[in-house]
S.K.: 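Mind looking over this structure? Questions follow.
Within every chain, numbering begins at 1; the chains are lettered A, B, ... in the order of the sequence lines, protein sequences first and strands thereafter.
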Number of protein chains: 4
Amino acid sequence: MYLHVGIIGANGYSGIELIRHIQQHPNVTLNLIVSNSTSGKLITELYPHLQNIYEEQLQTLDVESIADQVDLLFFATPSRVSKDWIPAFMEKGIKCIDLSGDFRLKSAADYQKWYKAEHTNGAYLQEAAYGLCEVFAEDIAQSKLIANPGCYPTAALLALIPMVEQKLVSTNSIIIDGKSGASGAGRNPSLATHFGEINENVKAYKLGQHQHIPEIEQVLSEVNGEPVQVTFSTHLIPMTRGILCTIYLDLLEEKTTADILSVYENYYEGAPFVRVRPEGTWPATKEVYGSNFCDIGVLVDERTGKLTVVSVIDNVVKGASGQAIQNMNLLCGWDIQTGLNQIPVYP
Amino acid sequence: MYLHVGIIGANGYSGIELIRHIQQHPNVTLNLIVSNSTSGKLITELYPHLQNIYEEQLQTLDVESIADQVDLLFFATPSRVSKDWIPAFMEKGIKCIDLSGDFRLKSAADYQKWYKAEHTNGAYLQEAAYGLCEVFAEDIAQSKLIANPGCYPTAALLALIPMVEQKLVSTNSIIIDGKSGASGAGRNPSLATHFGEINENVKAYKLGQHQHIPEIEQVLSEVNGEPVQVTFSTHLIPMTRGILCTIYLDLLEEKTTADILSVYENYYEGAPFVRVRPEGTWPATKEVYGSNFCDIGVLVDERTGKLTVVSVIDNVVKGASGQAIQNMNLLCGWDIQTGLNQIPVYP
Amino acid sequence: MYLHVGIIGANGYSGIELIRHIQQHPNVTLNLIVSNSTSGKLITELYPHLQNIYEEQLQTLDVESIADQVDLLFFATPSRVSKDWIPAFMEKGIKCIDLSGDFRLKSAADYQKWYKAEHTNGAYLQEAAYGLCEVFAEDIAQSKLIANPGCYPTAALLALIPMVEQKLVSTNSIIIDGKSGASGAGRNPSLATHFGEINENVKAYKLGQHQHIPEIEQVLSEVNGEPVQVTFSTHLIPMTRGILCTIYLDLLEEKTTADILSVYENYYEGAPFVRVRPEGTWPATKEVYGSNFCDIGVLVDERTGKLTVVSVIDNVVKGASGQAIQNMNLLCGWDIQTGLNQIPVYP
Amino acid sequence: MYLHVGIIGANGYSGIELIRHIQQHPNVTLNLIVSNSTSGKLITELYPHLQNIYEEQLQTLDVESIADQVDLLFFATPSRVSKDWIPAFMEKGIKCIDLSGDFRLKSAADYQKWYKAEHTNGAYLQEAAYGLCEVFAEDIAQSKLIANPGCYPTAALLALIPMVEQKLVSTNSIIIDGKSGASGAGRNPSLATHFGEINENVKAYKLGQHQHIPEIEQVLSEVNGEPVQVTFSTHLIPMTRGILCTIYLDLLEEKTTADILSVYENYYEGAPFVRVRPEGTWPATKEVYGSNFCDIGVLVDERTGKLTVVSVIDNVVKGASGQAIQNMNLLCGWDIQTGLNQIPVYP
């Protein structure tokens, strides 16, 4: 199988990272890049680093002409855009992988509550597979619409699901303390991502209001078999790439760090992108920089019995574009690592 | 009253920050600066930014000659140094403010466990006042030996004590997620603070092993009247100055964010260095940069009932040298703000 | 003498830095802060770090009402604003210190060429004193309108003038390589100052087109007695504060580093804010962070005979608001250091 | 042809970057990694980001056993090491690519002057090809010992050689203003690369004394046919990767920017790793991040006639390990891009 693909919203950071990965993928040609706000420009005018590598012109979003040119579309658009376009493409038989939050929640009411917009195509919410590759591979392989997970949910869920699924932890005291680099906010300038405001600074933001809360809870509830609520805090860190989640859990029965590590190792056996760290060590975001890895470290504190789990990803790769490629690989029955063998850039 | 003071360990970041503050203090003269490892050098050889401001020579640590020249000494030495020197100075009537961890724990056994060294002068542990100025002002005013709090404990305790003292939260599920800039590790080069390892990186470190754990627990237990254990995690952030603690608490009865804010406002009425932030806003470390403030923000999540408290300080000022000056002011009966009116440097 | 002052454009980084310095100035009260774009808001809504320090409301720019309340106005507005307002205030007897570029060039034609706007009040260009305090103190003391120098010109001219004035260097081969932190571009969000674009990045910008070129050349030409052209390049560095200029000069006769250093030392004798560094050492921007210093280092390369001069400032202080305070001190006949004794914040 | 290679000094940043590139090279197996200071450890103990990717043990430097296992060795050792080891390997028929400065200078006297060490194997200095791939490809292809260029010289020479070779610029007024990230100083901790000293800071260093001066001059003199001296300044920038050189040149006859651009385009036609930027744009280091590109921008200032050239590289890739792989490709007659198709990681 060989695919012709397109990127809607190619002018953002996730879009550009899709280009990087698609260029290194042997089974795919990038046939078109689309951005209504910058259509007509060469991508190299916006991103000179692509000179000599990929120099195409950005197109406008026209369903008819696009549908003729591609087998699959990546939507790297901001929230509240893809919901109005994906159905039209699906009706024409185009597979869609949506990197935005528009098809992640199963309930249109939840969508409205957390994304502050009506979901006019709510019926499609049920069709979308949630693209957390290591957990829902079978669903993904059979779907035509994949909701690529959010960056924080990817890091949090990969750390939480083995514990929740195996009923090892209390599900009413889960605390997730997330720290993210600024690229997660995209390329659109704002005071919140102005250099002078981010550099030499750490701040909490959106506490209790982050749209990734219902996404995390929906997946954990499904895995758990009954509703789960989490406390989830997000912090902006003076760096470009990377998310680290520190997760605090109450064990339901006494376990050692080694016990818990072996649960993770078993759960992620055969999952090449999840690396469980040896006892006594902790992952750092730089150790997955530019790559599709999610690294996990664990401690059962002997004094308190509390379980702490730390997970890290590159938010633009495993938290967005890399995972989208991984989803495409699943969808096409290709080796999951195809085009994703980038080694972390260190230092 | 007018004091002549000295700094032992003046060649580190806390030492240099003491010089900055003492130079702006109207009632104090800095009579001598001491560093065994760099004695004989001018401080400007190590810190050229002090040219034209303070250009003295570093001395060796000699009890006899130093005791003749000062009324009070600041120890800005690494852990495991001041315990062997402070008693000799106290016997000569010199007041001591210790910025290291050597006199913070009341139990010599705890000290040995967490600092991996025997405390040969354990008797002095009982004499030391714990210098958290906003909470223990009376003790401090009457003491001759002050254990200046650790940087993380300062940020964590100022956020926790109003809740614990007033029995508003469960004391067996306290979680403190700390994030710190790299200056907290001092000026001594190591791989852990090498630029290439810190920049564009976030990492967890010392989980379950940080020597600030027993310090926080000791103070909370005292305030609570019975033992408190905490879960405390620390993370290194790619910035120089600043600590942010995100604290997760279970309320013992239903409260709103406004209720909790008014508890903090009442508790810190008359405490000029603690600023409680308006509902819906969160503090950022840059907003206290270079100043002695501790800023606190609060949320009671309506969905989960969980209380989240965020506190920020400049670890080198309120978390070290600024608080040491504040302790000196208390000790001398001066206005607590004397020499500490630095406005945060923003941006 | 005691002044009541106001700040027009108080919502920008220079405005906020003026507030920091005025709050520490014993002879001045800040009577009003003005910003048309954010009028009606409390300054603490925009800058929470000012809580408990300065919490006033931003006003609209109304000449009549403002003129009644102040003796002197600081204009911390973007280019192309103050030229339309300052004349009205001057006619009412209000002294003005303009931090923008609107009154720095003597020629309205030059202004039009470099600032891309007509200078409708060109007559005032002749009245304005160029506020480079260490060089033009007499002019400044007698003026009612002071054009506060640009950030790059401050760093470049303090390094160049002693050499040019004393005819030690060729004036047709001056090269200035400038490096600046991002705060120089102000607080208005744009792609050019978006965190993801600045962090882990160095770029050249505006080569051959920077509006500081004519400013530097005008002053050097005046000092030289005949026209001087310079090659001036600017680079954006991933930091918030600081400018470093590396200047390359051809000596007209053979000199040693020591010879040149003594020229600088003599020139800046009695100038407390210019610090000449000892032979063999170079200044760093962090060594003047948050302070009004300009530090200068010098090398005559024995191999090539070339003279290299390096100067550093904090662009927001000596390159903007600190120098504006210094100009106010000159204007009022106060000690030049009044309110400007901030010690560099290190690290 | 298929090679078995080894890395001496694999525990440094250049060594680790060699591993990243070799892992992506189809014609090469990395048979051994060597480091005397850390032998016996797994590379993943030092660099956890290599978990699941490359997990071998570091060996000691033993000529006999190593020579049996490899066809070619990369020396990623600090200066003053490889000179004492490379001859022994060459005598055993092992090809060597030296990333250090030990075989770059042709004169043992120059080496002694700039590297402060005697070159006991000076005879080999003549045998070594200078590995600037775009310029000396023929020499490289026929050599058994390649001196991989320094990071600054790579950026400076690729920008300078087309101008000097074609006699377009004066060779007695060349000025190179270099700015580098901190990774160029390696992974060995020191005060100079301590996070608190680099972050939010720019400083000049080693002016007139940098060991890359004779390297640049030697190559330019060879290209020019007669001796060239340059003024070369280096600055440390608060970022990890990237070098930007701003080069100031006097044109020998009048040219436009377009004229000069076409000289570069012609010179680098067929050189896939050098990208000449369109008129009016300037390269940024982030635009080559993690890749083997060198990007060049040019301006002839119409006012002054001065030519300014800006070049950027990733110092760890094109300035070290990537260029070493490129040299191996030349040596083996492989396509020069083999294993080097990494797209810049942006943002």
Side-chain angles (χ1 to χ4, degrees), chain A residues 12-14 16-17 19-24 42 44-54 181-183 186-187 193 199-200 238-241 268 271-278 281-291 293 295 297 312 314 316-317 337 341-347, chain D residues 12-14 16-17 19-24 42 44-54 181-183 186-187 193 199-200 238-241 268 271-278 281-291 293 295 297 312 314 316-317 337 341-347:
Chain A
Y13 287 151
S14 295
I16 220 71
E17 190 74 343
I19 295 176
R20 180 166 78 102
H21 285 90
I22 292 170
Q23 289 299 100
Q24 302 185 343
L42 294 176
T44 43
E45 292 177 65
L46 305 177
Y47 290 100
H49 75 280
L50 290 176
Q51 188 175 330
N52 294 11
I53 296 168
Y54 185 83
S183 61
R187 204 194 202 194
T193 52
N199 188 42
E200 272 292 282
M239 63 184 197
T240 300
R241 285 170 177 248
Y268 290 117
F273 293 122
V274 180
R275 303 187 295 191
V276 181
R277 288 299 177 81
T281 68
W282 295 105
T285 57
K286 184 175 269 295
E287 292 163 1
V288 298
Y289 207 86
S291 81
F293 290 109
D295 287 8
V312 299
D314 182 322
V316 199
V317 189
Q337 293 177 276
N341 63 343
Q342 292 82 10
I343 296 175
V345 176
Y346 198 95
Chain D
Y13 287 152
S14 295
I16 220 71
E17 190 74 343
I19 294 176
R20 179 166 79 101
H21 284 90
I22 291 170
Q23 290 299 101
Q24 304 186 343
L42 293 176
T44 44
E45 293 177 64
L46 305 176
Y47 291 100
H49 76 279
L50 290 176
Q51 187 175 330
N52 295 9
I53 296 168
Y54 186 83
S183 61
R187 203 193 201 195
T193 53
N199 187 43
E200 272 291 281
M239 62 185 198
T240 301
R241 284 171 177 248
Y268 290 117
F273 294 122
V274 180
R275 304 188 295 191
V276 181
R277 288 299 178 80
T281 67
W282 295 105
T285 56
K286 184 177 268 296
E287 292 163 1
V288 298
Y289 208 85
S291 81
F293 290 109
D295 287 7
V312 299
D314 182 323
V316 200
V317 188
Q337 293 178 277
N341 63 342
Q342 292 83 9
I343 296 176
V345 176
Y346 196 95

S.K.: Is D:Val276 in contact with chain A via its backbone, its side chain, both, or neither, using a 4.5 Å heavy-atom distance?
M.R.: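 D:Val276 touches chain A through backbone heavy atoms alone.
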
S.K.: Once rounded to the nearest 0.5 Å, what's the spacing between atom CD of D:Gln24 and atom CD of A:Gln342?
M.R.: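 Going from the CD atom of D:Gln24 to the CD atom of A:Gln342 covers 7.0 Å.
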
S.K.: So which residue, A:Pro48, A:Gly290, A:Ser183, ends up with the most heavy-atom pairs under 4.5 Å with chain D?
M.R.: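 Of the options given, most contacts go to A:Pro48.
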
S.K.: Please flag which part of D:Pro272 lies under 4.5 Å from any non-hydrogen atom of chain A: side chain, backbone, both or neither.
M.R.: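 Interface part for D:Pro272: backbone (N, CA, C, O).
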
S.K.: Indicate the ring-plane relationship of D:Tyr47 and A:Tyr346, choosing parallel, tilted or perpendicular according to the 30° and 60° boundaries.
M.R.: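 If you compare the ring of D:Tyr47 with that of A:Tyr346, the planes turn out perpendicular.
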
S.K.: Which bit of D:Arg187 is near chain A, if near means a heavy-atom gap under 4.5 Å: side chain, backbone, both or neither?
M.R.: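 Contact with chain A is through the side chain of D:Arg187 alone.
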
S.K.: D:Arg241 versus chain A, heavy atoms under 4.5 Å apart: side chain, backbone, both or neither?
M.R.: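 Side chain of D:Arg241 only, per the 4.5 Å heavy-atom cut-off to chain A.
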
S.K.: Select one option (side chain, backbone, both, neither) describing which atoms of D:Tyr54 are under 4.5 Å from chain A's heavy atoms.
M.R.: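 It is neither, since no heavy atom gets under 4.5 Å.
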
S.K.: Applying side-chain contact (heavy atoms from CB on, under 4.5 Å), run through A:His49 and D:Val288 and close with a yes or a no.
M.R.: CA-CA 6 Å; A:His49 75 280; D:Val288 298; over 6 Å; no

S.K.: Classify the side-chain pair D:Asn199/A:Glu200 by whether it contains a donor and acceptor separated by less than 3.5 Å.
M.R.: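 Their side chains do contain a donor-acceptor pair, which is all the 3.5 Å distance test asks for.
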
S.K.: For the CD atom of A:Glu287 and the CD atom of D:Gln51, what is their distance to the nearest 0.5 Å?
M.R.: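 Output value for this atom pair is 9.5 Å.
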
S.K.: Are D:Gln23 and A:Asn341 close enough that a side-chain donor and a side-chain acceptor fall under 3.5 Å?
M.R.: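 Looking only at side-chain atoms, A:Asn341 and D:Gln23 do not form any donor-acceptor pair under 3.5 Å.
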
S.K.: Scan A:Ile19, A:Ile53, A:Ile16 and name whichever one has a side-chain contact (heavy atoms from CB on, under 4.5 Å) with D:Ile343.
M.R.: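 Output: one option passes, namely A:Ile53.
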
S.K.: Any idea which heavy atoms bring A:Arg275 and D:Leu50 closest together, and the distance?
M.R.: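 Nearest heavy atoms, A:Arg275 then D:Leu50: NH1-C, 4.2 Å.
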
